[in-house]
Amino acid sequence: MDVSNILNDLNEVQREAVSAPDRSLLVLAGAGSGKTRVLVHRISWLTTVENVSPYSILAVTFTNKASAEMRQRVEKMQSQSMAGIWVGTFHGLAHRLLRSHWQQAGLVQSFQILDSDDQLRLVKRVILALELDDTQWQPKQVRGFINACKDEGDRPQHIADNGDPVRRQLVRIYSAYEAACKRAGVIDFAEMLLRSLELLRDNKDLLAHYQQRFRHILVDEFQDTNAIQYAWVRLLVGKDNNIFVVGDDDQAIYGWRGARVENLQKFRKDFPQTRIIKLEQNYRSTATILSAANAVIGNNGDRLGKRLWTAGSDGQPITYYQAYNEFDEARFIIDKIKQWVSDGELRADVAILYRSNAQSRVFEQTLNAEQIPYRIYGGLRYFDRAEIKDCIAYLRLMNNVLDDTAFERIVNVPARGIGGRTLEIVRERAKTAEITMWQAAEQLIKEKALTARAANALQSFLDLMAEMQAACIDVELHEKVEHVIHQSGLIEHHEKDKSEKSEQRIENMEELVGAAKNFTVAEDEAQDMDKITAFLTYAVLESGEGQAQEWEDCVQMMTLHSAKGLEFKQVYICGVEEGLFPHQRSIEDASRLEEERRLCYVGITRAREQLTITNAEHRQLYGRDTYPRASRFISEIPAELVADVRLRTQVSEPQYVSDDLCENETGGFQIGQRVMHPKFGEGMVLNFEGSGAHARLEVNFEFEGTKWLVISYANLSIL
DNA sequence: GCGACATTGTTTTTT
DNA sequence: ACAATGTCGC
């Protein structure tokens with residue numbers, strides 16, 4: 001057996017991980033330490049050296065992108081066929097189990113998946129159907145509650161309200177939502193995971209079957225697993241199987257959506273014989289960048305403990321620039337990028353990272369003005385576009401007329417005279433008779449319980465759906481789509497309004513025909529689904545790339561979160577200010593603050609050659625002026641690693657600063673100055689008004705917001 | 001049923 | 001500030 005190509009290009013520690021005989025292995029893989037490589041080589045090792053059949057391997061990731069990459073790299077490395085191996089996302093795999101065993105899972109065969117937008121609409125309808133006020137019971141919050149329950153594995157009947165009326169009501173809505181999902185034959189994302197966990201847990205024979213099959217389970221990004229995903233893995237591993245998990249507690253940045261870093265610790269406890277291997281050698285960044293990353297993350301407590309190192313050189317110091325405001329910040333960064341490009345480097349090697357999406361605007365404007373091509377990650381994805389979702393809703397309703405979410409979405413799109421009043425009556429009937437909208441519509445028409453006009457409009461909609469169903473029997477998938485976009489009137493609907501947007505929308509819809517034409521069902525899934533179901537699932541589960549523009553050498557812009565897993569020669573982290581990064585909403589809470597710090601660590605470790613950090617002294621946020629302080633993260637980077645660039649570019653701070661006025665009339669207070677108030681604490685002078693005894697100052701206090709104070713009364717001291 | 005105004009929220013994102 | 005909803009009047 002030629003083992004050399006599996007172990008050759010690995011370092012000592014990686015080799016140890018790849019070839020470990022242990023049943024339970026935890027690989028703590030620091031940023032840029034070759035974690036995917038270890039996973040891929042491990043799979044190769046299992047199949048070629050240990051003669052494990054690919055059929056008994058299960059490899060789980062979080063994103064479709066990661067699983068596609070893993071599959072690709074495994075196949076590339078492998079001489080033998082990898083047929084039979086399960087590589088996929090938690091949701092993808094859970095979905096597969098549910099399709100195969102829909103009956104045991106208590107589902108209908110044609111069940112469909114609600115994305116979070118569909119889910120929100122449904123939650124809202126349920127709230128209204130219970131005759132609750134949707135301003136008091138905000139759909140988004142209720143959805144959050146439901147998802148949080150499901151992420152913890154709690155069904156409505158399990159939740160104790162402890163006499164709390166709010167909680168009781170929430171559980172009631174949760175319960176009604178579940179009933180609505182059941183009637184419509186749909187499940188949401190969290191339900192997929194929970195339902196598949198329950199499926200395995202409650203069907204011993206099924207569990208035994210899969211436990212026997214998946215002798216080797218590998219999990220990527222383990223720090224991102226939630227309670228259900230952890231339980232799912234644990235259940236499948238059982239007593240006898242082999243488990244290999246890779247994760248990095250320092251890169252756990254998704255706590256806010258249910259991920260539990262503690263699962264790494266829990267794993268150690270639940271599998272006491274676990275061997276822990278730390279990958280600490282970094283192949284990505286310069287020593288300077290790694291020192292900064294280590295220093296910053298060192299401020300977090302409760303780490304499993306890792307220290308990145310490199311055999312490479314120090315490289316350039318970290319650049320730090322404190323800008324006057326966000327425009328100056330953008331100007332500075334873009335000047336540097338221009339320099340970089342004129343040195344013959346690629347724009348695609350440059351990334352601008354920010355904490356929140358709103359920050360991209362100034363950069364976009366400046367880049368546009370400079371005619372520098374850029375690409376923003378994380379925009380609206382193809383299958384998330386409204387016009388595409390409309391088409392999909394038609395397809396879904398044709399597939400299953402009971403699908404209320406689909407029904408509600410398109411019953412009057414394009415407008416066909418079915419107004420709010422009519423729908424209200426239909427909803428009312430659906431609610432009281434505990435049936436779906438479709439069934440309610442049929443009943444009401446039959447009973448002549450509607451005005452002639454409403455009944456006609458509704459009937460013609462039902463007829464239209466029936467016609468479309470008839471036209472689509474035994475027809476290729478792409479022809480179905482073709483039928484839908486034309487027969488439904490969606491194309492005409494958009495043709496009527498002659499804006500550029502609607503042209504784009506029509507193009508998008510026509511693209512859907514192409515997407516359907518190219519769509520193929522994976523071999524091993526074909527037995528569980530017909531093609532249309534597979535396509536509809538694909539549309540929800542893999543909604544495509546955001547902003548997939550034609551490839552060009554572009555500057556990359558994205559949030560720090562979406563930068564995870566990527567790397568760039570040149571990285572700019574901007575807006576590194578208290579209140580923005582760390583975000584205001586995370587500042588108060590120690591554990592959320594630590595998550596922000598990990599996010600900072602993630603950002604720093606994206607850089608291969610050079611890292612630049614900027615902040616602004618003045619920034620407009622939500623239409624208000626703010627004067628944030630530099631982020632604590634900046635001071636956590638050792639000063640000797642940083643070159644502080646204080647040369648300002650031309651933009652100067654607002655014209656209203658006329659120094660002489662400030663000096664003379666404000667008793668020594670200057671705009672921009674930090675002051676201390678005995679009651680309100682620290683703040684910054686924003687503005688002034690009047691003179692003498694009546695002179696007033698506007699001060700932005702850290703915790704109290706902006707206030708106008710009369711100087712002669714307010715006991716302000718200059719800091 | 002559609003267009004004009006008001007109201008509202010505004011971290012991060014995948015599935 | 002601003003975009004994205006929701007409400008109201010025709």
Side-chain angles (χ1 to χ4, degrees), chain A residues 60-67 88-96 113-121 124 134-135 138-141 147 150-151 187-194 196 221 224-226 228-229 252-259 326 353-362 377-381 383-384 386 412-423 453-454 457 493 496-497 537-546 558-565 575 579-587 592 595-596 598-600 602-603 619-626:
Chain A
V60 197
T61 64
F62 274 84
T63 64
N64 293 306
K65 200 174 150 200
S67 83
T89 63
F90 276 103
H91 288 86
L93 299 170
H95 172 252
R96 216 166 138 180
I113 303 159
L114 292 187
D115 68 15
S116 34
D117 188 57
D118 292 334
Q119 189 190 14
L120 186 66
R121 291 160 184 261
K124 191 171 173 186
D134 67 344
T135 54
Q138 291 191 1
K140 278 204 177 120
Q141 283 185 12
N147 289 338
K150 291 190 180 189
D151 284 348
I187 59 174
D188 57 51
F189 287 127
E191 183 69 29
M192 252 198 297
L193 296 175
L194 178 52
S196 84
E221 305 275 20
D224 288 340
T225 51
N226 68 23
I228 295 297
Q229 288 159 337
I253 55 174
Y254 287 113
W256 51 274
R257 66 176 199 209
E326 61 268 45
L353 310 182
Y354 34 79
R355 178 65 235 271
S356 64
N357 287 306
Q359 287 168 258
S360 71
R361 255 186 71 181
V362 182
Y377 279 68
L380 196 59
R381 290 172 307 176
F383 283 102
D384 288 340
N412 201 33
V413 176
R416 45 174 74 90
I418 304 169
R421 184 74 200 107
T422 310
L423 283 177
R453 207 169 125 172
H493 171 67
K496 260 193 273 173
D497 135 73
T537 301
Y538 168 81
V540 188
L541 238 38
E542 307 183 33
S543 33
E545 274 268 298
M558 68 197 83
T559 62
L560 286 149
H561 282 89
S562 29
K564 191 173 154 204
L580 196 58
F581 187 33
H583 197 272
Q584 193 62 49
R585 292 171 119 124
S586 305
I587 271 179
R592 301 182 74 181
E595 183 154 306
E596 296 282 312
R598 292 193 289 269
L599 190 57
C600 184
V602 166
R619 178 183 300 276
Q620 283 192 339
L621 217 55
Y622 310 138
R624 303 210 58 87
D625 286 318
T626 61

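Every chain is numbered from 1 and lettered A, B, ... according to where its sequence line falls, protein lines coming before strand lines.
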Filtered N/O pairs between nucleotides 1-9 of chain B and protein, under 3.5 Å:
| residue | atom | partner | partner atom | Å |
| --- | --- | --- | --- | --- |
| B:dG1 | OP1 | A:Gly417 | O | 3.3 |
| B:dG1 | OP1 | A:Ile418 | N | 3.4 |

Next on the checklist: Need one value for A:Ser116: base, sugar-phosphate or nothing, where a base atom within 4.0 Å counts as base even if backbone is also close, heavy atoms only.
Outcome noted: base
Next on the checklist: Both A:Asn64 and A:Ala358 contact DNA chain B. Which one's nearest nucleotide lies toward the 5' end?
Outcome noted: A:Ala358
Checklist outcome for this item: For A:Thr559 and A:Ser562, the nearest pair of non-hydrogen atoms, with its separation, is OG1-OG, 2.7 Å
Checklist entry - Is the A:Tyr254 ring parallel, tilted or perpendicular to the A:His561 ring (thresholds 30°, 60°)? => result tilted
Next on the checklist: Tell me whether the ring of A:Phe62 lies stacked over the B:dT14 base, given a 5.5 Å limit on centroids and a 30° limit on the plane angle.
Outcome noted: no
Checklist entry - Do A:Glu595 side-chain atoms and A:Gly255 backbone N/O form a donor-acceptor pair below 3.5 Å? => result yes
Checklist entry - Who are the side-chain hydrogen bond (donor to acceptor under 3.5 Å, both in side chains) partners of A:Glu191, not counting sequence neighbours? => result A:Lys150, A:Arg155, A:Arg195
Would you tabulate the pairs of protein nitrogen or oxygen atoms and nucleotide nitrogen or oxygen atoms of nucleotides 6-10 of chain C closer than 3.5 angstrom?
| residue | atom | partner | partner atom | Å |
| --- | --- | --- | --- | --- |
| C:dG6 | OP1 | A:Lys124 | NZ | 2.6 |

Checklist entry - So does A:Lys564 pair up with A:Asp224, basic N to acidic O under 4.0 Å? => result yes
Checklist outcome for this item: Winner on side-chain proximity to A:Tyr622, out of B:dT15, B:dT10, B:dT13, is B:dT10
Item to check | B:dT13 versus C:dC2 - spacing of their C1' atoms, nearest Å | outcome: 22 Å
Checklist entry - In terms of side-chain geometry, is the basic nitrogen of A:Arg361 or A:Glu326 positioned less than 4.0 Å from the acidic oxygen of its partner? => result no
